[in-house]
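Scope of the values below: all heavy atoms of this structure, side chains included, with no hydrogens, waters or symmetry mates. Numbered from 1 within each chain, the chains take letters A, B, ... in sequence-line order.
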Amino acid sequence: DGGITQSPKYLFRKEGQNVTLSCEQNLNHDAMYWYRQDPGQGLRLIYYSQIVNDFQKGDIAEGYSVSREKKESFPLTVTSAQKNPTAFYLCASTTSGGADTQYFGPGTRLTVL
Amino acid sequence: RKEVEQDPGPFNVPEGATVAFNCTYSNSASQSFFWYRQDCRKEPKLLMSVYSSGNEDGRFTAQLNRASQYISLLIRDSKLSDSATYLCVVNMPGTYKYIFGTGTRLKVLA
């Protein structure tokens, strides 16, 4: 089945540690996105990538980093510089972005202890 | 003014009722509009794309009003299973970015 997978589903991290969230898609989509959702809030864009080896900062990129070495994969690293990392992280992809439907992975819920 | 605005609700309606949500957007050049459904602690899932001519899918109808810059979602014959948060999504023209509303929460009561 085609789709987007994210792992792990739940992640606990101690303060000061970096952690990497996985996002993989087999939809052959060019564009991939990372969003953060806080309780009662809308989705906020962290980073997005239009094509392999290229990515742009979203609205809240500080304290996060990404890579896009393969079309299928767009991992997100939450660094210790992110002051309030506890949130629900969602990965999405689209065929080419802008006008196309976004499809979401099941999300990773990160808690910093 | 926020780029995309929604009434957060909650809208509490009895089963069988008809309920409508609006979503306003600020960029008149936006071309693509979507309604997503999000269940508690789950990912958003596409409910409908919104076309200029309006579109219908079963009990759900979406409409676009470009003059007033809003989109709407109408749900007829509400079911308990329709209880969720409905997100309005608008593309940012000339970019690969999408802007999400904060969502409207619907509770359908037995």
- Query: Is it the backbone or the side chain of Leu90(A) that comes under 4.5 Å from a heavy atom of chain B, or both, or neither?
  - Reply: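 Only the side chain of Leu90(A) comes within 4.5 Å of chain B.
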Side-chain donor-acceptor contacts of residues 48-55 of chain B below 3.5 Å, not counting sequence neighbours, with atom names and distances?
{"residue": "Asn55(B)", "atom": "OD1", "partner": "Tyr51(B)", "partner atom": "N", "Å": "3.1"}
{"residue": "Asn55(B)", "atom": "ND2", "partner": "Ser49(B)", "partner atom": "O", "Å": "2.6"}

- Message: Students often mix this up, so state it plainly: with edges at 30° and 60°, are the rings of Tyr86(B) and Phe21(B) parallel, tilted or perpendicular?
- Response: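 The rings of Tyr86(B) and Phe21(B) sit tilted, inter-plane angle from 30° to 60°.
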- Classify the ring geometry between Tyr36(B) and Phe104(A) as parallel (under 30°), tilted (30 to 60°) or perpendicular (over 60°).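 Perpendicular: the ring planes of Tyr36(B) and Phe104(A) meet at over 60°.
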Hey, could you give me the [atom1]/[atom2] distance between [X] and [Y], rounded to the nearest 0.5 Å?
| X | Y | atom1 | atom2 | value |
| --- | --- | --- | --- | --- |
| Phe11(B) | Leu106(B) | CZ | CG | 8.5 Å |
| Cys88(B) | Phe100(B) | SG | CZ | 10.0 Å |
| Thr102(B) | Gln6(B) | OG1 | CD | 5.5 Å |
| Thr108(A) | Lys9(A) | OG1 | NZ | 10.0 Å |

- Message: Non-hydrogen contacts under 4.5 angstrom with chain A: give the residues of residues 38-46 of chain B involved, or none if there are none.
- Response: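 At a heavy-atom separation under 4.5 Å, chain A is reached by Gln38(B), Arg41(B), Lys42(B), Glu43(B), Pro44(B), Leu46(B).
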- Item | Passing candidate, side-chain contact (heavy atoms from CB on, under 4.5 Å) with Trp35(B), options Ile71(B), Val89(B), Leu87(B) |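 When side-chain contact (heavy atoms from CB on, under 4.5 Å) is applied between Trp35(B) and each of Ile71(B), Val89(B), Leu87(B), only Ile71(B) qualifies.
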- Query: Cation over ring, Arg109(A) on Phe88(A), under 6.0 Å and within 45°?
  - Reply: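 Judged by the rule (NZ or CZ under 6.0 Å from the ring centre, within 45° of its axis), Arg109(A) counts as positioned above Phe88(A).
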- Passes side-chain contact (heavy atoms from CB on, under 4.5 Å), Tyr103(A) versus Thr95(A)? Steps please. CA-CA 9 Å; Tyr103(A) 295 92; Thr95(A) 306; 5.9 Å; no
- Does the pair Leu27(A) and Ile4(A) meet the rule for a side-chain contact (heavy atoms from CB on, under 4.5 Å), with working shown? CA-CA 8 Å; Leu27(A) 300 167; Ile4(A) 303 175; 3.9 Å; yes
- Message: If you apply the rule side-chain contact (heavy atoms from CB on, under 4.5 Å), what do you find for Asp30(A) with Lys71(A), and how did you get there?
- Response: CA-CA 7 Å; Asp30(A) 286 317; Lys71(A) 186 175 186 178; 3.2 Å; yes
- Are any side-chain N or O atoms of Ser73(A) and backbone N or O atoms of Glu24(A), one a donor and one an acceptor, separated by less than 3.5 Å?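 No; zero donor-acceptor contacts below 3.5 Å.
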- Query: What parts of residues 80-87 of chain A touch chain B if we use heavy atoms and a cut-off under 4.5 Å?
  - Reply: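 Checking residues 80-87 of chain A against chain B gives no residue, so none.
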- Query: For chain B, which residues from residues 44-61 of chain A lie under 4.5 Å away (heavy-atom distances)?
  - Reply: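 Hits under 4.5 Å: Leu45(A), Tyr48(A), Gln50(A), Asp59(A).
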- Query: Picking from His29(A), Glu72(A), Gln25(A), Gln102(A), what satisfies side-chain hydrogen bond (donor to acceptor under 3.5 Å, both in side chains) with Ser93(A)?
  - Reply: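 In the set His29(A), Glu72(A), Gln25(A), Gln102(A), the residue that makes a side-chain hydrogen bond (donor to acceptor under 3.5 Å, both in side chains) with Ser93(A) is His29(A).
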- Task: Side chain from CB out, backbone as N, CA, C, O: work out which of these in Phe33(B) comes under 4.5 Å of a heavy atom of chain A, or both, or neither.
- Result: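 For Phe33(B), neither part sits under 4.5 Å from chain A.
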